[in-house]
Amino acid sequence: MGFFKNLFIKEDRRTDLEKIDPEKIPKHIAIIMDGNGRWAKKRSLPRSAGHKAGVEALREVIKTCSNLNVQYLTLYAFSTENWKRPEEEVSALMNLLVYYLRNEIQELNENNVRINTLGDINKLPNTALIEIEAAQKLTRNNTGLTVNIALNYGGRLEIINAVKSICIKVINKEIEVDQIDERYFSDHLYTKNVPDPDLVIRPSGELRISNFLLWQIAYSEFWFSKIFWPDFNGEYLVEAILDYQGRDRRYGGAK
Ligand code: FPP
């Protein structure tokens, strides 16, 4: 609990923290946790060791977000395309998820963190589903940081599923076609009731979106870094937030 209160910023970087404008904290930060495999390869370790180290980074980022009063943190943990990876890696990732939830959920709950998922989670192994359900149930009424874990998530599939469910409503004459607007459409996505991300972070040097929150990122700000996800920490998060706070968001309007 006391550990949780640490801001994970080294003394000599505290000045960066002080530069953060508390009035302009991004409400929603979304992260593509990339580079675990390359981090492991650089150390001649198996890819699963990279994912394990990635969990440490994510623990720190969750705590820092919580302490900075970020409201939503969305983590891209497993995409609809990740099933194509070797079976051994898929099962290592699922085991990590189970292990993480089992070991961290009490502390997350004590710190008012709410756990949620985005994606078609029914395709996940039962062991994972059991932990997810327990974590969601336990933290359901928490009012602090909401952590959305994207699992078996794909932005295109999310949009197709929304289109299908709206079509069914039209066919059943529950709504008129003219009633479909952006708000209505958004309410059919996994992120119903979640504001769009203000800031999307992708480490590891890749400059692409990889099917992540395609609809929701229409006006998001992006922050890219060459460091691999396992090396990410609270200081990088502060750097990204400071950068974000210096941006001029116009949403298509004029200056
Ligand atoms: C991308 O790195 C990372 C993933 C596909 C998995 C991310 C998962 C975790 C950090 C841990 C599990 C999550 C939870 C919520 C406990 P990569 O393997 O594509 O790296 P590479 O591009 O260097 O090969």
Side-chain angles (χ1 to χ4, degrees), residues 29-66 72-109 113-121 123-125 127-136 138-139 145-155 157 190 200-213 224-234 236-237:
I29 298 178
I31 306 183
I32 302 177
M33 305 183 288
D34 196 13
N36 297 347
R38 279 163 286 167
W39 180 94
K41 195 172 174 197
K42 231 173 86 183
R43 291 162 177 76
S44 307
L45 294 169
R47 293 177 60 80
S48 57
H51 296 313
K52 200 165 165 218
V55 172
E56 290 309 308
L58 107 85
R59 291 178 74 227
E60 185 169 326
V61 165
I62 289 176
K63 291 174 184 182
T64 308
C65 279
S66 172
Y72 296 89
L73 173 67
T74 299
L75 301 163
Y76 205 4
F78 196 87
S79 75
T80 45
E81 289 73 35
N82 286 153
W83 297 108
K84 288 187 266 184
R85 295 189 176 207
E87 211 180 303
E88 193 186 309
E89 185 175 347
V90 171
S91 92
L93 279 167
M94 295 301 155
N95 289 341
L96 262 181
L97 174 70
V98 169
Y99 177 85
Y100 172 77
L101 289 175
R102 217 175 261 167
N103 285 284
E104 302 282 322
I105 199 61
Q106 291 304 338
E107 195 183 1
L108 292 168
N109 187 43
V113 173
R114 189 163 57 129
I115 297 290
N116 227 333
T117 60
L118 308 179
D120 183 4
I121 61 164
K123 304 255 159 62
L124 301 184
T127 44
L129 287 177
I130 291 167
E131 294 306 324
I132 291 168
E133 206 187 309
Q136 281 181 319
L138 182 70
T139 62
L145 174 71
T146 296
V147 176
N148 296 314
I149 312 175
L151 291 161
N152 192 27
Y153 174 87
L157 187 63
Y190 296 121
V200 177
I201 294 175
R202 181 167 197 162
S204 96
E206 309 294 357
L207 305 176
R208 54 176 170 262
I209 203 65
S210 302
N211 206 13
F212 189 43
L213 303 174
F224 296 105
S225 160
K226 287 204 167 125
I227 63 143
F228 297 138
W229 173 251
D231 292 324
F232 200 89
N233 56 28
Y236 285 107
L237 187 73

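In each ligand, atom 1 is the first atom listed, and ligand 1 is the first ligand listed.
Using cut-offs of 30° and 60° for the angle between ring planes, the F78 and W83 rings count as perpendicular.
By the 3.5 Å distance cut-off applied to N or O atoms, Y76 is not counted among the residues near ligand 1. For a threshold of 3.5 Å applied to N or O pairs, the pair formed by D34 and ligand 1 contains at least one separation below that value.
Residue contact check: R38 has heavy atoms under 4.0 Å from atoms 21 (P), 22 (O), 23 (O) of ligand 1.
The nearest pair of heavy atoms linking Q136 to N116 is NE2-OD1, 3.2 Å. In plain terms, the two heavy atoms of N211 and G154 that are nearest each other are ND2-CA, 3.6 Å. Considering every non-hydrogen atom in both A57 and F232, the closest pair reads CB-O, 3.6 Å. Heavy atoms only, all atoms of each residue included: T64 and G234 are closest at OG1-CA, 3.8 Å.
For G35, the closest heavy-atom approach to ligand 1 falls below 4.0 Å. Residue contacts with ligand 1 include R47, since one or more of its heavy atoms lies under 4.0 Å from the ligand.
Nearest protein neighbour of atom 10 (C) of ligand 1, counting heavy atoms only, is N36 ND2, 3.4 Å. For atom 13 (C) of ligand 1, the closest non-hydrogen atom on the protein side is A77 CB, 3.9 Å. Among all non-hydrogen protein atoms, the one lying nearest atom 1 (C) of ligand 1 is M33 O, 3.1 Å. Ranking protein heavy atoms by distance to atom 11 (C) of ligand 1, first place goes to V55 CG2, 3.6 Å. The single protein non-hydrogen atom nearest to atom 14 (C) of ligand 1 is L58 CD2, 3.8 Å, given as residue, atom name and distance. Here the protein heavy atom with the shortest distance to atom 20 (O) of ligand 1 is G37 N, 3.0 Å.
Neither the backbone nor the side chain of L75 comes within 4.0 Å of ligand 1, counting heavy atoms alone. Within the 4.0 Å heavy-atom criterion, the part of I149 lying near ligand 1 is the side chain and not the backbone. Contact annotation for R85 and ligand 1: only side-chain heavy atoms (C-beta onward) come within less than 4.0 Å of the ligand. In N82, the part holding a heavy atom less than 4.0 Å from any atom of ligand 1 is the side chain.
In this structure, the side chains of I201 and L237 come closer than 4.5 Å at one or more pairs of heavy atoms. Using a 4.5 Å heavy-atom cutoff, the side chains of D34 and R38 are in contact. Between N82 and V90, every side-chain heavy-atom pair lies at or beyond the 4.5 Å cut-off. In this structure the side chain of L97 reaches within 4.5 angstrom of the side chain of I132, judged on heavy atoms.
Although no hydrogens or angles enter the test, the distance criterion places a donor-acceptor pair under 3.5 Å between the side chain of Y76 and the main chain of S210.
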